[in-house]
Amino acid sequence: LSLEKIRYQALLLNNVRDAVVVWDMDGIITYWNPAAEGLYGVTAQERLGRPVSDVYLNTFNPPIRLLGPEQTTGHYIERQYQKPSGREIWVSSRMAVLRDASASNRLIGYMDVSHDITRNKQAEQAVRESEARYRAIVEDYQTELICRFTPEGALTFVNEVYCRYFAATREQLLGQNLLSFLPESDREKMLAHLAAFRPGRPVATLEHQVILPGGQVRWFQRTDRAIFDSRGLLFEFQSVDRDIT
């Protein structure tokens with residue numbers, strides 16, 4: 001490589017947003033770019049020339065596992081890291097082997113490229129917690145029938161109470177059309193009810209009859225909420241129903 005090309009590559013690595021750490025076959029850190037300083041809270045001066053196993057590989061949870069010489073596609077993993085300040089972050093990391101560009105293609109070191117994914121992890125955790133709370137409400141502590149369905153009426157979710165009421169499994173109910181549970185005399189009323197929802201009127205209540213699997217007719221009171229996307233287009237209903245026979 002020409003000296004000019006080497007300088008260009010070094011400048012490029014110094015300005016990338018991802019943290020780049022390189023170490024040689026003796027396990028000594030040879031490169032630590034400014035993004036690595038920002039991500040890990042440690043300067044290049046504190047890390048260059050130090051054993052990678054002492055000051056880098058084992059600072060993660062789980063620790064970085066070195067690739068074998070036969071691996072050429074790199075190794076991707078998400079890890080936790082604690083900064084010197086004590087703050088814990090999540091890091092997405094991809095490690096690759098470095099080889100001599102000459103015909104020998106010998107292994108000359110390793111490179112680890114990482115970036116901060118803490119916000120993504122926090123968002124994922126928030127979604128999991130929200131889903132757990134939702135399921136606790138609609139499944140564990142609920143006495144009313146709860147379902148979700150498409151604008152066309154196809155069921156996309158039913159809680160356990162709904163399953164018990166209609167004496168069917170969730171698999172048997174999902175995909176069925178809501179109108180199939182209603183007598184013919186009430187279907188037009190249901191269609192008119194669902195057609196009246198607007199972003200400014202997302203909630204409405206209706207009383208109608210339902211037919212149980214054994215043919216028994218019961219009375220329902222349902223409260224439906226229409227769910228609209230950011231463009232104001234209806235994409236789903238959620239319903240809370242109870243038997244008022």
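It should be emphasised that the depicted structure is a prediction, and the values quoted were computed from it without experimental measurement. Residue numbers count from 1 along this sequence.
Using bins of under 30°, 30° to 60° and over 60° for the plane-to-plane angle, the ring pair F60/Y40 lands in the perpendicular bin. Aromatic ring pairs are classed by plane angle as parallel below 30°, tilted from 30° to 60° and perpendicular above 60°; the pair Y165 and F220 is tilted.
Not a single salt bridge (charged side-chain N to carboxylate O under 4.0 Å, His left out) links E152 to another residue, sequence neighbours left out. Take K189 and apply the side chain to side chain contact (heavy atoms under 4.5 Å, CB included) test, not counting sequence neighbours, and it matches D186, L206, H208.
Annotation: side chain of V240 is not in contact with side chain of R242 (no heavy-atom distance under 4.5 Å). The closest side-chain heavy-atom distance from I227 to F235 is below 4.5 Å. Contact of the I211 side chain with the F181 side chain is not registered, since no non-hydrogen atoms from C-beta on lie closer than 4.5 Å. The shortest distance between side-chain heavy atoms of V161 and E144 does not fall below 4.5 Å. The shortest side-chain heavy-atom distance between Y110 and V52 does not fall under the 4.5 Å cut-off. Residues L212 and F166 are in side-chain contact: their nearest non-hydrogen atoms beyond the backbone lie under 4.5 Å apart.
No hydrogens or angles considered: nothing links the side chains of R119 and Q122 as a donor-acceptor pair under 3.5 Å. Looking at D24 and T30, their side chains never bring a donor and an acceptor atom within 3.5 Å of each other.
Of all the heavy atoms in G232 and P199, the pair that sits closest is O-CG, 4.0 Å. Of all the heavy atoms in V42 and W32, the pair that sits closest is O-NE1, 3.1 Å.
Both M25 and W23 belong to a single network of hydrophobic side chains, linked directly or stepwise wherever heavy atoms of I, L, V, M, F, W or Y lie under 4.5 Å apart.
Among residue pairs with one or both ends in residues 212-231, those qualifying as salt bridge (Lys or Arg N to Asp or Glu O under 4.0 Å) are R218-D243, R222-D224, R222-D241, D229-R231; sequence neighbours excluded.
Less than 6.0 angstrom separates the ring centroid of F197 from the ring centroid of F237.
When atom types are taken as modelled, the side chain of R201 and the backbone of A196 share a donor-acceptor pair closer than 3.5 angstrom.
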